[in-house]
Each structure stands twice: as structure tokens, then as C-alpha cells.
Amino acid sequence: MAFPPAFIDELVARNPIEDVVGQYVSLKRSGSNLFGLCPFHGEKTASFSVAPEKGIYYCFGCHKGGSVINFQMEIEGLSYPDAVRALAKRAGMEVPEDEQYQSRYRQQERLWALHKEAARFYHAQLYAPVGAAALQYAAGRGMPQAVLTKFGIGYAPDSWTDLVDVLRKKGYTDQELRDSGLVTVAKKTGNLFDRFRDRLMFPIIDVRGNVIGFGGRIMKKDDNAAKYLNSPETLIFNKRKNLFALNLAKKSKMGYLILVEGYMDAIALHQYGFDCAVASLGTALTEDGANLLSRYTEQVVLIYDGDNAGQNATKRAIPILEKAGLQVKVLQMRDAKDPDEFLKKFGADRFKLLLEESSNRVEYQLSAIFKKYDLKDDDQKVKYLQESAELISSLPSAVQREVYGGRVAEAAKIGPDAMKLEVERARKRRLAREKKAQEKIDLAPARALQPKSRSIRYDNMKSAMAEEMLLALCLREPALLDRAAVLTEEMFSSPLLGSVYTQLSRRHRAGLEVSLSGLEDLSPEEMSHVAGILQRQQGPVSDQALDDCIRTIQREYKAGSVETAEDLMALREAMQKRKGIGQ
């Protein structure tokens with residue numbers, strides 16, 4: 001989005017990166033930089049760095065980085081213009097008119113407002129005569145009026161155009177209705193009809209309080225209809241990046257979050273005092289969902305249904321949650337199929353006991369392995385011990401391996417020494433595999449120097465290293481761009497680095513701030529890569545260092561250029577020889 005460069009410079013100046021990041025991350029100063037735990041991936045040792053003088057952040061663990069605008073985009077899941085708008089609001093600045101930007105944001109605002117009107121309509125219908133059966137159903141499910149109000153639960157009448165008619169009267173266009181996902185379009189006539197009909201309606205609200213979609217539950221058994229129907233993906237709704245009730249659970253003081261499968265489970269938990277419950281939106285947990293959870297807690301208690309589908313979902317969710325840096329505990333339901341049923345049968349106190357008994361993920365996984373095998377059969381017993389040893393060998397602590405190995409040995413009625421030996425064998429195999437993988441990387445230094453993002457590749461490593469250093473020097477000392485003016489974008493072997501050089505040069509000639517914040521049309525991966533360059537290249541700034549970079553770039557460009565017919569013939573011959581070697 002093309003905002004005026006001078007506006008972006010002022011925006012960045014009035015939003016110091018350490019202040020903005022400090023709202024989300026606890027930072028401690030070390031030298032000229034600030035460090036903290038990365039909010040984008042799980043870690044126990046602070047590798048997330050903020051450099052106030054450079055105006056950038058960079059994580060040496062997950063390699064995400066950029067300017068204050070990029071941080072706002074990443075932490076809140078915003079587009080570039082929306083992040084600019086958020087920072088402008090924070091600093092009390094007016095955003096310059098930009099038709100493309102204003103049009104897109106106006107569309108978002110209209111959709112948020114439209115969904116809020118829809119939520120009001122559905123909620124009102126629940127208490128109207130048409131919603132009598134739905135209200136009775138909700139009461140039968142143990143939801144009093146206070147809960148219905150707290151979650152904004154409503155009812156979609158069994159009609160074709162009630163919502164369409166209401167929203168049209170409110171001034172919303174047919175195109176806005178189509179964009180909302182709350183209507184369906186007849187193929188032949190193009191007429192609009194309500195998407196949700198005769199369903200109990202659950203508004204889906206994001207962490208900023210905007211209604212972004214709905215989930216509708218049928219109230220009568222119907223084999224031809226889905227039990228739950230969710231809003232489709234829209235401009236404001238992405239089910240992979242949102243969780244039901246997180247807008248409420250993020251305020252919980254319980255110190256952990258409970259992740260369940262369905263809306264009813266989450267609502268029941270809140271109703272019984274467990275205000276830390278959230279639910280996935282009709283889909284398996286994604287990395288985006290896990291990362292969202294990690295912003296608000298360090299521990300998740302996973303409570304999926306006890307059936308095969310629920311247990312399989314639990315197994316898939318554990319590594320995703322751990323990858324996001326979350327401690328995972330698993331609660332297995334007893335005497336009920338889900339938390340909603342358990343709470344209504346036994347109450348909150350019994351559920352607290354279940355929570356206290358919930359197992360960590362290792363206990364859960366060992367239990368799952370135990371259930372797979374018949375230990376009366378010797379062959380199956382051996383397989384049980386081997387699979388358990390493989391799992392235990394992955395644990396980082398010798399004490400953990402000793403404890404869990406002893407439990408498995410006891411279950412299989414073998415000596416602990418034999419199990420310890422099996423775990424050590426599995427651990428040696430694992431370490432050997434990891435060592436072999438690392439050796440492959442160490443034996444290919446060019447590969448190790450490649451950018452971390454697979455979408456960015458260096459074809460000429462020698463030139464790319466000089467290009468990186470040149471950009472770092474010029475970002476730290478913009479006056480050097482005058483000396484580097486002998487270079488052109490086409491001389492850079494990396495299109496990304498060439499584009500960055502051109503943008504920095506253009507800003508320098510215009511007398512604007514030369515910084516990462518002024519770079520345009522870069523993807524998050526590209527911006528992170530450039531921020532990483534600036535963090536890694538810490539050598540002394542000097543004319544000599546710059547001149548060395550310039551000469552290398554020029555030499556490599558000339559060596560790779562095809563300027564005459566003789567050059568073309570030589571290039572063809574070299575390609576033919578290379579092809580022959582490959583065959």
C-alpha cells in the first residue's frame with residue numbers, strides 16, 4: 001500500500017519499536033539491544049532482539065523480523081495498511097487518504113458492522129415467538145439467560161430471507177451481503193437467501209471484540225444436515241486464525257487455557273466457573289491457532305472427546321501445541337463423552353479433580369501406546385517396549401527417561417535395567433540420525449548460508465554475501481549510498497537485495513529516512529530476511545569495506561554477463577558440458 005514516505009517516517013518515529021513491542025513482550029536491556037522471549041514461537045531462552053537505534057526486531061530462533069509496522073502486522077494478524085492504521089491511532093495521527101486502502105478498510109468496517117447487526121437480529125429472534133423452540137432447547141441444554149446474553153447466542157428462523165430483508169433495510173447492499181458469507185446465491189436467478197436457517201446461532205468474536213462469523217447448530221436430529229455449520233472464509237473471517245471464546249478466555253486469571261472441541265463444551269466450562277476455555281472452529285487445530293494460544297498462556301489443557309476421532313485429534317494437536325512452545329496436559333474424560341455432559345452430571349468440584357489428575361503429554365502418549373498391545377503376547381510385548389522406548393528416548397532429561405522407563409518396565413513386568421538399556425539404544429539411534437543430518441548441513445556451507453526462508457534463494461553466493469554486507473553498511477550509515485551509486489539494481493545477483501538497494505537509494509536521494517520501515521512491497525518473509533541481515537552484519541563501517549563489496553558485486557556481475565557472441569557461445573558450451581556431466 002503506497003502511503004506517503006514522509007507519513008511513514010513520522011509514524012515510525014512516533015511509535016518507538018521498543019514501546020510497541022514492550023506491550024506484548026517483557027524486554028530486558030543487554031547492551032544497546034533489548035531481549036525477551038519470542039512471541040511468535042515457543043522458547044525458554046530469550047532469542048528475540050529489539051534494536052531501538054535501528055528500529056528493528058529480529059528473532060534468532062524463528063528468524064522473523066522487521067520494522068515496527070511488520071511487528072504490528074505479525075502480532076495482531078493485520079494487513080500492512082491495517083497495521084499502519086493501528087499505529088497511527090496509537091500515536092494520534094491522521095492516516096492520509098488513499099483510495100485503495102480506504103476502500104478496503106471501509107469494506108472491513110462495513111462487514112464488522114453488518115455482522116454485529118446480524119448478531120443482534122439472531123439474539124432478538126431467540127426471544128421472539130418464532131424462537132420459542134430454540135429457547136426451550138437452550139434451556140434444556142442448561143443455558144440460562146445470563147449465559148445466552150454473555151455469549152450473544154441467538155436463533156436463525158426457519159425462513160428464506162428474514163436476515164436478508166433486515167440487513168437490506170439497514171442499508172447494506174447485495175454485494176455486501178454476498179461478501180459477508182451470511183447468504184447463499186441461487187445459481188439460476190441470483191436471488192439471495194439466508195445461509196443459516198432453523199439453527200441455534202453462536203457469534204464468533206475475535207480478540208478485539210469484532211463479530212466476524214457465526215456457527216449454527218441444528219436442534220433436531222437430521223442425518224442429511226451437518227450438526228454444525230460455520231461461516232465461510234471472508235475478508236474478516238479465517239477459521240484457522242481464530243478460536244471461539246478467546247475474547248473472553250484471554251482475560252482469565254487461571255494461569256492456563258483449556259482447549260475443547262465444541263462451542264457447547266466451551267460455554268459449559270465458562271458457565272461452571274472455568275473462564276479459560278476456548279474451542280477450535282469446526283476444524284482440527286492449526287499452527288495459527290496454537291500460536292494464537294501462545295500469546296495468552298504458557299500451558300494448555302487439551303480436552304477432546306473420548307471417541308476415536310477425539311483421541312486422534314488429541315494426538316495431532318500435541319506436537320502442534322508443543323511447537324508453539326506450550327506446555328501440554330491432557331485430560332481424559334471419564335463417565336461422560338465431553339466436558340458439557342460431565343459438568344451437568346457431576347458439577348464443577350468433580351471437574352476440578354479431573355483437572356488436577358490430568359496427565360502430561362508423555363503420560364498420555366504412553367497410555368495410548370499401552371492400549372495398542374496385548375502384553376500377554378510376547379511379540380506384542382516387545383513391540384510395546386520398543387515403541388515406548390522410542391518415545392522416552394526423545395525426552396531431554398535423564399531423570400524423565402529414568403522415571404518413565406521404570407513405569408513402562410513395571411507395566412510390562414520386566415526389569416528396569418533392561419528397559420533402561422532399550423531406551424539408551426533408541427536414544428543412540430536418534431542422536432546418530434540427528435548427527436548425520438547436521439553433518440549434511442555442515443558439509444554444505446553454501447547451503448547453510450542460504451536464507452532461512454525457502455522462498456528466497458541465492459544463485460551466486462559470493463555476490464550475495466557482498467550484497468548483504470553492502471546493504472547492512474548503508475542502512476547503518478546512509479551516506480555510503482553516495483559512494484555505492486556506481487551500482488545498479490541489475491548488478492545484484494539477488495532480485496530481493498537489488499530491489500532493497502534501489503529503494504534505499506531512492507529514499508536517500510529524496511532526503512528521507514533510510515530504514516527498513518520505508519521499504520515497500522516486501523513479503524513478511526522478505527522483510528524478516530532483510531532484518532536478519534542487519535542484525536548479523538555487525539562489522540565496522542568503513543569506505544574500504546564498502547569498496548570491497550562494490551568490487552565483488554561488479555566482478556561477479558561481469559563474470560555472469562553475456563555481452564558478445566563469443567560470450568554466448570562459451571556459455572552454451574559450458575551448459576552442454578554441465579548437462580553431459582549430469583547425464
Side-chain angles (χ1 to χ4, degrees), residues 258-262 265 284-285 299-323 326-343 345-346 350-436:
I258 297 174
L259 178 61
V260 294
E261 282 191 62
D265 289 332
L285 181 70
Q299 184 181 97
V300 169
V301 180
L302 196 55
I303 314 177
Y304 282 175
D305 291 353
D307 57 17
N308 287 335
Q311 294 310 297
N312 288 334
T314 299
K315 292 173 186 175
R316 290 191 298 269
I318 288 171
I320 294 173
L321 292 166
E322 288 193 327
K323 185 179 179 183
L326 291 160
Q327 299 172 18
V328 183
K329 298 187 78 175
V330 182
L331 185 151
Q332 293 183 275
M333 297 305 307
R334 293 199 299 268
D335 304 318
K337 62 180 173 55
D338 56 38
D340 182 32
E341 181 181 309
F342 187 95
L343 286 163
K345 284 172 70 175
F346 305 111
R350 281 277 299 275
F351 192 80
K352 281 181 184 176
L353 292 176
L354 269 189
L355 275 174
E356 290 169 5
E357 295 170 5
S358 58
S359 58
N360 62 44
R361 67 94 177 171
V362 180
E363 292 169 333
Y364 172 80
Q365 289 173 313
L366 285 175
S367 175
I369 295 171
F370 178 81
K371 292 174 184 177
K372 286 170 60 177
Y373 299 102
D374 178 4
L375 300 192
K376 294 177 183 177
D377 181 288
D378 287 344
D379 288 339
Q380 291 205 40
K381 181 187 285 189
V382 170
K383 289 179 181 177
Y384 162 68
L385 291 166
Q386 289 174 334
E387 188 173 344
S388 298
E390 193 65 37
L391 170 63
I392 295 168
S393 73
S394 67
L395 301 177
S397 164
V399 173
Q400 286 179 302
R401 296 194 295 272
E402 181 89 16
V403 170
Y404 289 115
R407 289 187 190 177
V408 170
E410 186 178 349
K413 293 183 172 58
I414 67 167
D417 291 340
M419 187 61 194
K420 185 176 181 180
L421 183 61
E422 189 64 30
V423 169
E424 286 307 308
R425 283 174 179 164
R427 183 168 172 76
K428 284 179 181 178
R429 290 194 298 269
R430 179 182 294 275
L431 293 174
R433 290 195 299 269
E434 292 173 356
K435 183 180 178 182
K436 191 173 182 180

Crowding at NZ, Lys420 (>12 non-hydrogen neighbours, <6.0 Å): no

Lys345 atom NZ, over 12 foreign heavy atoms within 6.0 Å: yes

Arg407 and Glu410 ion-paired at < 4.0 Å: no

Closest heavy-atom pair and its distance - Glu341, Ala336: OE2-CA, 3.3 Å

Least distance between heavy atoms, Ile303 atom then Pro339 atom: CG2-CG, 3.6 Å

Intermediate values then yes/no, side-chain contact (heavy atoms from CB on, under 4.5 Å), Leu285 and Tyr304: CA-CA 11 Å; Leu285 181 70; Tyr304 282 175; 4.0 Å; yes

Quick one: does [X]'s side chain have a donor or acceptor within less than 3.5 Å of a partner on [Y]'s backbone?
{"X": "Lys315", "Y": "Ala368", "result": "no"}
{"X": "Ser358", "Y": "Leu355", "result": "yes"}
{"X": "Ser367", "Y": "Glu363", "result": "no"}

Out of curiosity, [X] [atom1] to [Y] [atom2], how far, rounded to the nearest 0.5 Å?
{"X": "Ile392", "Y": "Met419", "atom1": "CD1", "atom2": "CE", "answer": "4.0 Å"}
{"X": "Tyr384", "Y": "Asp374", "atom1": "OH", "atom2": "CG", "answer": "12.5 Å"}
{"X": "Lys428", "Y": "Glu424", "atom1": "NZ", "atom2": "CD", "answer": "7.0 Å"}

